[in-house]
Amino acid sequence: MFSPDQENHPSKAPVKYGELIVLGYNGSLPNGDRGRRKSRFALFKRPKANGVKPSTVHIACTPQAAKAISNKDQHSISYTLSRAQTVVVEYTHDSNTDMFQIGRSTESPIDFVVTDTVPGSQSNSDTQSVQSTISRFACRIICERNPPFTARIYAAGFDSSKNIFLGEKAAKWKTSDGQMDGLTTNGVLVMHPRNGFTEDSKPGIWREISVCGNVFSLRETRSAQQRGKMVEIETNQLQDGSLIDLCGATLLWRTAEGLSHTPTVKHLEALRQEINAARPQCPVGFNTLAFPSMKRKDVVDEKQPWIQDYELFVERVFPLESNEVFGCWFRGTEEKVSEIQHSKPGGVSRRGKASLWGGCPGPQLSDPTKHIRPVQSLPDVCPKEPTVTDQNRWTIYHSKVNLPAALNDPRLAKRESDFFTKTWGLDFVDTEVIPSFYLPQISKEHFTVYQQEISQREKIHERCKNICPPKDTFDRTLLHTHDKSRTDLEQVPKIFMKPDFALDDSLTFNSVLPWSHFNTAGGKGNRDAASSKLLQEKLSHYLDIVEVNIAQQISLRSEAFFHAMTSQHELQDYLKKTSQAVKMLRDKIAQIDKVMCEGSLHILRLALTRNNCVKIYNKLKLMATVHQTQPTVQVLLSTSEFVGALDLIATTQEVLQQELQGIHSFRHLGSQLCELEKLIDKMMIAEFSTYSHSDLNRPLEDDCQVLEEERLVSLVFGLLKQRKLNFLEIYGEEMIITAKNIIKQCVINKVSQIEEIDTDVVMKLADQMRMLNFPQWFDLLKDIFSKFKIFLQRVKATLNIIHNVVLSVLDKNQRTRELEEISQQKNAAKDNSLDTEVAYLIHEGMFISDAFSEGELAPIVVDTTSQRNASPNSEPCSSDSVSEPECTTDSSSSKEQTSSSATPGGVDIMVSEDMKLTDLELGKLANNIQELLYGASDICHDRAVKFLMSRAKDGFLEKLNSTEFITLSRLMETFILETEQICGRKSMSLLGALQSQANKFVNRFHEERKTKLSLLLDNERWKQADVPAEFQDLVDSISDGKIALPEKKSGEERKPAEVLIVEGQQYAVVGTVLLLIRIILEYCQCVDNIPSVTTDMLTRLSDLLKYFNSRSCQLVLGAGALQVVGLKTITTKNLALSSRCLQLIVHYIPVIRAHFEARLPPKQYNMLRHFDHITKDYHDHIAEISAKLVAIMDSLFDKLLSKYEVKAPVPSACFRNICKQMAKMHEAIFDLLPEEQTQMLFLRINASYKLHLKKQLSHLNVINDGGPQNGLVTADVAFYTGNLQALKGLKDLDLNMAEIWEQKR
């Protein structure tokens, strides 16, 4: 029931793809089942995927194909097209699918063994020699290992060698995508149910599946070689309820989801109990049937009903005493209980299951508990099978036993048991017959349309019947005569009717005249005479019958006979007159020919002879010219005139094919010219390669002129003429070599100028280059970039010449096409306006039409004497009087018309009309030229990247300082911009390398400054530092809107200031903050110098600001400075100074944000949110410092006021201490914080003071009643108020001391 991989691990809960169920039962194996014969096979997810998918297609007789067939670890499918041709498709491992194979073979690759069933009259041993129709490797099912676990079926399976062989006779073909596909011999058929596998399911259409899983209609026969039509709208995906026909066995596919909705053992038990509750009876023995529960299945009773599960149906078989068996079918999924082999009369054998199943189809039970119908009691007279199904869908058509079969039951032995008795029918009651739901109600209106259509035809029929007279009389007479003649002729013996009848044949003669009846002996003469007379009368009678029939036939056809004779005489008279007229016409034509045609015809014959002589002379001249072709070509090749040589060869070949075709002396000239043309192709390729090498390897100077422009144009035209379009590849390869040589030569030149490098010790050029310091290496890189720039300009100039040549050819093709269209339109108009006449002169069987060729007849008629007198150099044969075609084959005078145009360089180029390239090819070539220019830029950038990477191996580039890296970055950006201007496209390789190095530089830049800031913070004692003048200048430059490090001012030394003045505000800061501001400006300046690292710098700067905030918080608020730098305590002055430093950084955050926003692309504006988060964190830190200052005074108030007592003297010692501490606080922070912040801080401190005082007064029960205690408190409060307002900057502070008293309720 499980796949082999799952049987070993039953405890796991594997993924189930579905089940295959054999319809009927699975046959047994010839050599024993050995545990492999199953009627059901469950497909589970394998621990390791074994699916395959097509990979490579090989044609036979190749090493790959042989290896694919012989390699047992490689799956493959072999398609044998013929004995000499085989296509092999390799299959590779697919980790996303599982493969299961079905077939008759018992080899290990087959997962589900399916065999033929044994006929009932044969044993298993009898069928071993019978050939099975099921294939040994019938099909394979591929299941996806991931949801939704789709299963697909494919024809044929892989054997133990992991191969599939399709022979010559199997149907196979090549698909549109270049893959092979085919069908197996007997095929694999699949039918999918329509509307799903539910109650409303209907049979689908049988389709055939190919080896590659394509769907086709059925073939004419099962094993026909012609495949059916491909069904593109269907797939090979198996559905719930799909049937698979393997030509000998039919399988049902059930998905895991479909199996989850089938009845269970509980449903069967409920059905058993329901059947027992209905108390069904056997219709034969009238025994009440009772089905035992599953728990008693081991106890076998003699009359116990048996239940046999047939996958989806349950069969009830009743072994009774009357030796009869009766069967019923029920839905179910219980496993098989037993297999019944009945030999009793009436038993239901396995061969009868198909008929039972076919007669009782049932819908799929979606809910088994709702659609099971109770068993109905059966009448005694009609023993039929009760159908358990949905009662709402049961109809009379589901009945299996008709009424005649019930009335004529052969099993009833006695007539008395029949129900046709005297009292039968007395209890019948007339009831209304219910109309059938399956037949429509028919009324007269349904025939209205038919009556309207047929009425018109009926009228026409009646009218024709009245018009035509009846032919019955004639037909009856003719028929009577024919029958009578036939009857009379039957009297004549058949021997007279034979076509080979002859009396000279002895057998025929004896048959007609039986001489044996005549005896010349005495006494019998009268009898012989009578016999002779009788024979003579008999023969006469036969003769009369034949003559009468002949006369009758002649009389029937006499009219036609005489009409034919009359027509024959008239036709002979007409032919005689026609012959006479033809004779007279011929005489007249002969006279006309003699008088009018013979003289003119003789003149034409002479003109034709002369014309032929002229043609022969011209041919000889042309042959003489053609004979000089090869020497002329050699001369042209010696001067590198490839285009002229090719034109001469093309013209000569055209002349040989058209005008000199068939000349025996030139029979080898065509092949010689072809070989010469191939030689010229090789020479042009070699010449172009030489030109490319010499052009690109010239000294790289500022001169970017094209080398030998005329030579280049000639070479390109020749290559285009011969369709040798790969010359661009030659130029591209030469560019790569030249770019390498440029770098190599620059390095050699630079290294040779430096004496410190010993080339004898350091052999490798790369190692010598790494010994250069940055200025030397930078000069080398600058030299390489300048050489590359000249190199690209030179390549661009050369490619522009080639591009112009291609465009000129393309333009000429378009103009030629336009001229041809105009010419065709003119010729069409001329043909329509003129009447063309073809003259054929026939004389003595000769066909003469050449005499009327264009331009030749007129010179013949005209007297040529004046022409001969006018041309003293004319030849005696006066052949120049006839227009002679040009016979020279030079390119300048050939039949090929050429036009000249000029390139931008001023070189005149001749564009030949016989260019074999199409507009599409020329357009592609022009695009390839542009791509080659882009490729040249990419080559230079790639070589530059390799040069950079070779220098960066020892970390050289990462060790550069900011100034050096910025200089390098600007040089590379300038080179990238210049190459983009030259080639028209930006190359990304060098830009990517620059970005990579920039990222490394940014990381090092950030780590250095972060480490520096960390060291500064760890050594900071949080005391106010003096501000040097250069830092004040730095701040002033930021105020002007420029974020840049100012240059140091030369001159007298300026004294440092106590505070930093920013936009009119004084900031008392520590030394770390001053350096932090400088570091921030370095980040901003780096962004200006290297714009590509803006985003990285923004991230790093944000990290630096966050680090300063968090670390300063740890050192001051967290008192980390006590351990780090050894401070005794964190004073209020330290806290105020820290707050003021944070405020200074917060002041510059918007300026930094604006600086980065102006340099960020719009898509990355969301990165600016980091500054918002940093600003919030700084404000929170400042607020925490303020809260800490308030908390210090709050704890002091709590300590002092808790001991306060209202008594003399006034002011009390408590209030004097409070005022003293307030003065110390004011003295510590007033010079550090602005006046507004000081006032706000003291307002918060005063509020805390009032809260503690109010609490103490409430504790002492002192109220505002004007008593002595109230007066003492008022005096103390006045002392506190006076001292506090006397502090600098707190004079106008609103203290509102009335809040210390409890409000009266």
Side-chain angles (χ1 to χ4, degrees), residues 774 948 952 954-970 972-973 991-1020 1031 1034 1038 1043-1045 1070-1115 1124 1141-1142 1144-1146 1148-1161 1164-1178 1181:
F774 178 77
L948 288 174
D954 54 355
F956 173 77
L957 298 180
E958 298 178 4
K959 298 176 183 178
L960 299 179
N961 56 36
S962 302
T963 304
E964 293 174 345
F965 187 82
I966 290 170
T967 306
L968 176 62
S969 175
R970 288 179 177 175
M972 296 171 67
E973 290 176 353
L991 187 62
L994 175 61
Q995 186 65 36
S996 175
Q997 294 299 326
N999 293 336
K1000 295 179 181 179
F1001 169 75
V1002 168
N1003 291 334
R1004 184 176 57 82
F1005 180 88
H1006 175 67
E1007 292 299 330
E1008 289 177 355
R1009 279 145 185 80
K1010 188 174 181 180
T1011 303
K1012 182 178 180 181
L1013 179 62
S1014 177
L1015 294 174
L1016 290 173
L1017 287 172
D1018 290 343
N1019 294 313
E1020 181 62 58
F1031 285 97
L1034 186 67
I1038 299 176
I1043 299 182
L1045 295 174
V1070 297
T1072 303
V1073 174
L1074 295 176
L1075 295 176
L1076 176 61
I1077 293 175
R1078 185 179 183 86
I1079 291 173
I1080 293 173
L1081 294 184
E1082 290 177 355
Y1083 275 83
C1084 296
Q1085 190 174 13
C1086 185
V1087 168
D1088 291 337
N1089 295 327
I1090 311 175
S1092 60
V1093 298
T1094 303
T1095 55
D1096 291 338
M1097 279 294 182
L1098 190 149
T1099 306
R1100 303 298 192 282
L1101 181 57
S1102 301
D1103 178 64
L1104 188 71
L1105 294 174
K1106 291 178 182 178
Y1107 176 76
F1108 173 76
N1109 183 37
S1110 61
R1111 186 59 180 162
S1112 62
C1113 181
Q1114 294 172 2
L1115 293 173
V1124 176
C1141 291
L1142 293 173
L1144 177 62
I1145 301 301
V1146 170
Y1148 281 112
I1149 287 179
V1151 181
I1152 300 170
R1153 176 193 174 102
H1155 181 81
F1156 276 91
E1157 184 176 3
R1159 288 151 183 81
L1160 277 176
Q1164 296 178 347
Y1165 280 169
N1166 58 345
M1167 297 185 66
L1168 298 173
R1169 69 182 185 277
H1170 295 299
F1171 292 111
D1172 300 333
H1173 298 161
I1174 293 171
T1175 304
K1176 181 178 179 301
D1177 294 341
Y1178 273 68
H1181 190 183

**Over all atoms of both residues, closest heavy-atom pair of Y1083 and M1097** = CD2-SD, 3.5 Å
**Request:** Return the set of residues passing side chain to side chain contact (heavy atoms under 4.5 Å, CB included) with E1008 (not counting sequence neighbours), or none when no residue passes.
**Result:** R1004
**Request:** Determine yes or no for a side-chain-to-main-chain donor-acceptor pair under 3.5 angstrom, with R1169 supplying the side chain and N1166 the backbone.
**Result:** yes
**Prompt:** Please, which pairs that meet salt bridge (Lys or Arg N to Asp or Glu O under 4.0 Å) have at least one residue in residues 1099-1108, sequence neighbours excluded?
**Reply:** K1010-D1103
**Item:** Short side-chain donor-acceptor distance under 3.5 Å, H1006 and D1096
**Value:** no
**Request:** With sequence neighbours excluded, tell me which residues meet side chain to side chain contact (heavy atoms under 4.5 Å, CB included) with T1175.
**Result:** V1146, I1149, H1179
**Request:** Any chance you could measure Y1107, atom OH, to S1112, atom OG, to the nearest 0.5 Å?
**Result:** 10.0 Å
**Message:** To the closest 0.5 Å, what do you measure between CG (D1172) and CG (D1177)?
**Reply:** 11.0 Å
**Asked** At what distance, to the nearest 0.5 angstrom, does CG of L1074 lie from SG of C1141?
**Response** 8.0 Å
**Request:** Taking all non-hydrogen atoms of both residues into account, name the closest pair between T1095 and M1167 and its distance.
**Result:** O-CE, 3.7 Å
**Fill in**
One should read off an interatomic distance between L1101 CG and C1086 SG, to the nearest 0.5 angstrom, of 11.0 Å
**Prompt:** Considering residues at least two apart in sequence or located in another chain, which fulfil the side chain to side chain contact (heavy atoms under 4.5 Å, CB included) criterion with S1102?
**Reply:** L1098, H1170, I1174
**Request:** Any chance you could measure N1089, atom CG, to E973, atom CD, to the nearest 0.5 Å?
**Result:** 9.5 Å
**Evaluation steps, side chain to side chain contact (heavy atoms under 4.5 Å, CB included), between L1076 and L1104** = CA-CA 9 Å; L1076 176 61; L1104 188 71; 4.1 Å; yes
**Message:** Any heavy-atom pair between the side chains of L1105 and I1080 that's under 4.5 Å?
**Reply:** yes
**Asked** Considering all heavy atoms of both residues, which atom of H1155 and which atom of C1084 are nearest to each other, and what is their separation?
**Response** NE2-O, 3.2 Å
**Request:** State, yes or no, whether a side-chain contact exists between L1013 and F1108 at a heavy-atom distance under 4.5 Å.
**Result:** yes
**Message:** Rounded to the nearest 0.5 Å, what separates atom CG in L1168 from atom CD in E1157?
**Reply:** 5.5 Å
**Item:** Sequence-distant partners of T1072, side-chain hydrogen bond (donor to acceptor under 3.5 Å, both in side chains), two or more places apart
**Value:** E1020
**Request:** Take I1145 and N1109 through the test side chain to side chain contact (heavy atoms under 4.5 Å, CB included) and record every step on the way to the result.
**Result:** CA-CA 10 Å; I1145 301 301; N1109 183 37; over 6 Å; no
**Message:** The criterion is ring-ring contact (aromatic ring centres under 6.0 Å, His included); which residues satisfy it with F1001, sequence neighbours excluded?
**Reply:** F965, F1005
**Request:** Go through the steps for I1077 and F1031 under the test side chain to side chain contact (heavy atoms under 4.5 Å, CB included), then give the verdict.
**Result:** CA-CA 9 Å; I1077 293 175; F1031 285 97; over 6 Å; no
**Complete:** Taking every heavy atom of Y1165 against every heavy atom of L1160, the minimum-distance pair comes out as CE2-O, 3.5 Å
